[in-house]
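Below is one structure; the comments refer to it alone.
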Amino acid sequence: MPRILVTGGAGYIGSHTVHLLLRRGYDVVVVDNLCRGHAHNVPPERLRRLSLQDTDALTGLLRDPPCAAVIHFAAYIAVGESMEKPELYFANNVGGSLSLVSAMLAAGVDKLVFSSTAAVYGMPERVPVTEEAPFAPVSPYGESKVMVEKMLGWLDQCRGLRSVSLRYFNACGADPEAGLGEEHDPETHLVPLLLRAVRTGEPVTIFGDDYDTPDGTCIRDYIHVSDLAEAHAIALESLLAGAPSAAYNAGTGQGHSVLEVVRAVEEVTGRTVPRRIGPRRPGDAPVLVADPSRLRAALGWRPGYTDLRDIVATAWEFECRRAACRPVE
Ligand code: UDP
């Protein structure tokens, strides 16, 4: 089986994808500097602790033994932080990607799966949003992903480096059997925050209930992380089989309001979510739901998880296991 280099493979989505690739028999090498990822997410013999900025070391890793393709997860992902320190996001997300593609060109590796985001669309005028919607990011984080997508377009045209960009909607859930789940620090994502609120009794703040949506709270497209991992595996296979560059929405096409997620958490845990209503969070689109038909039509991808409660149940199982060994301060 081909050797695949995975950057950011110790992070949330990366680790689930690494696990899937290993199960499928790929020879995987993970590059992660562990500044936000966790070593315990990756088999130690697969992990190389390395900065993406180290182009020469990356080139060496890609060459010997030769890698057939790269999946590139390593990036900062916190929208709020990107508003405070945009330079960090351009240095890490854009600079890191530039270093990586330079290493790929030097090593003659010409296939890349790239972690993009629905944040490239900003506040889309039409939902469900298709890939034809214009780039209109409203944060340095979203802009950093747009910049890399554009860079990849030119690298294909000028240097023949083919890539698939997957624009993630709201990844959530876990693979507790594999010991994998969401462990951001600080955590900003809705599902783990709701589960933690249930467990600790500390209320979670709902960011606005006066949006123009049926219950007044924001609507998002929640996709199970294992389905997202599967999308990466399929995208990788397509590139290995010679498919051209493309960008795909990676979402389910189903929208859920914040209050619907709260209800799903209450059903799964059998407990009330302690909560309060707070002000809107700047930069939040009222509704962000994918039209995933391109990914379905081109690559045959379909989400395995279609019920939000099943997704939440996997996250709850992970949260309980994790809490048993590492209490939240
Ligand atoms: N949200 C919330 N309270 C929180 C965190 C998130 O009400 O403490 C809402 C947020 O406004 C959005 C949804 O939950 O509508 C998902 O937010 P998250 O940060 O998980 O992902 P994003 O949509 O920003 O990628």
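Read the numbers this way: they start at 1 and go in the same order the structure lists the ligands and their atoms.
- The protein heavy atom nearest to atom 20 (O) of ligand 1 is Leu190 N, 2.8 Å.
- Considering both main-chain and side-chain atoms, Val258 never comes within under 3.5 Å of ligand 1 through any nitrogen or oxygen pair.
- Atom 8 (O) of ligand 1 has its nearest heavy-atom neighbour, among Leu193, Asp221, Ile219, Thr213, in Leu193.
- Judged by distance alone, the side chain of Thr7 and the main-chain N or O of Ala74 form a donor-acceptor pair under 3.5 Å.
- Considering Leu240, Leu239, Ile234 in turn, Leu240 is the only one that fulfils the side chain to side chain contact (heavy atoms under 4.5 Å, CB included) rule with Leu236.
- Shown are Leu52, Val6, Leu5; of these, the side chain to side chain contact (heavy atoms under 4.5 Å, CB included) with His72 is made only by Leu52.
- Here the heavy atom of the protein found nearest to atom 13 (C) of ligand 1 is Tyr222 OH, 3.6 Å.
- Residue His189 approaches ligand 1 through these ligand atoms, each under 4.0 Å from one of its heavy atoms: 18 (P), 19 (O), 20 (O), 21 (O).
- Glu177 and His19 form no side-chain donor-acceptor contact under 3.5 Å, judged by distance and modelled atom types alone.
- Looking only at protein heavy atoms, the nearest one to atom 11 (O) of ligand 1 is Asp284 OD2, 2.6 Å.
- Within ligand 1, the atoms closer than 4.0 Å to a non-hydrogen atom of Thr188 are 5 (C), 19 (O), numbered from 1 in the order shown.
- Near Ile206, the atoms of ligand 1 lying under 4.0 angstrom from a non-hydrogen atom of the residue are 7 (O).
- By the 30° and 60° cut-offs, the orientation of the rings of Tyr12 relative to His16 is perpendicular.
- Closest to atom 24 (O) of ligand 1, if we only count protein heavy atoms, is Arg281 NH2, 2.7 Å.
- Taking every heavy atom of Thr205 and a limit of under 4.0 angstrom, the matching atoms of ligand 1 come to 2 (C), 3 (N), 4 (C), 7 (O), 8 (O).
- Residue contact check: Cys218 has heavy atoms under 4.0 Å from atoms 15 (O) of ligand 1.
- Of all protein heavy atoms, the one closest to atom 22 (P) of ligand 1 is Asn170 ND2, 3.4 Å.
- Judged by distance alone, with hydrogens and angles left aside, the side-chain atoms of His256 form no donor-acceptor pair with the main-chain N or O of Leu308 at under 3.5 Å.
- Here the protein heavy atom with the shortest distance to atom 1 (N) of ligand 1 is Phe207 CD1, 3.6 Å.
- One N or O on the side chain of Asp32 and one on the backbone of Ala10 form a donor-acceptor pair closer than 3.5 Å.
- With ring centers used as reference points, Tyr168 lies under 6.0 Å from His232.
- Looking at Lys145, its side chain does come within 3.5 Å of a backbone N or O of Ser115 through a donor-acceptor pair.
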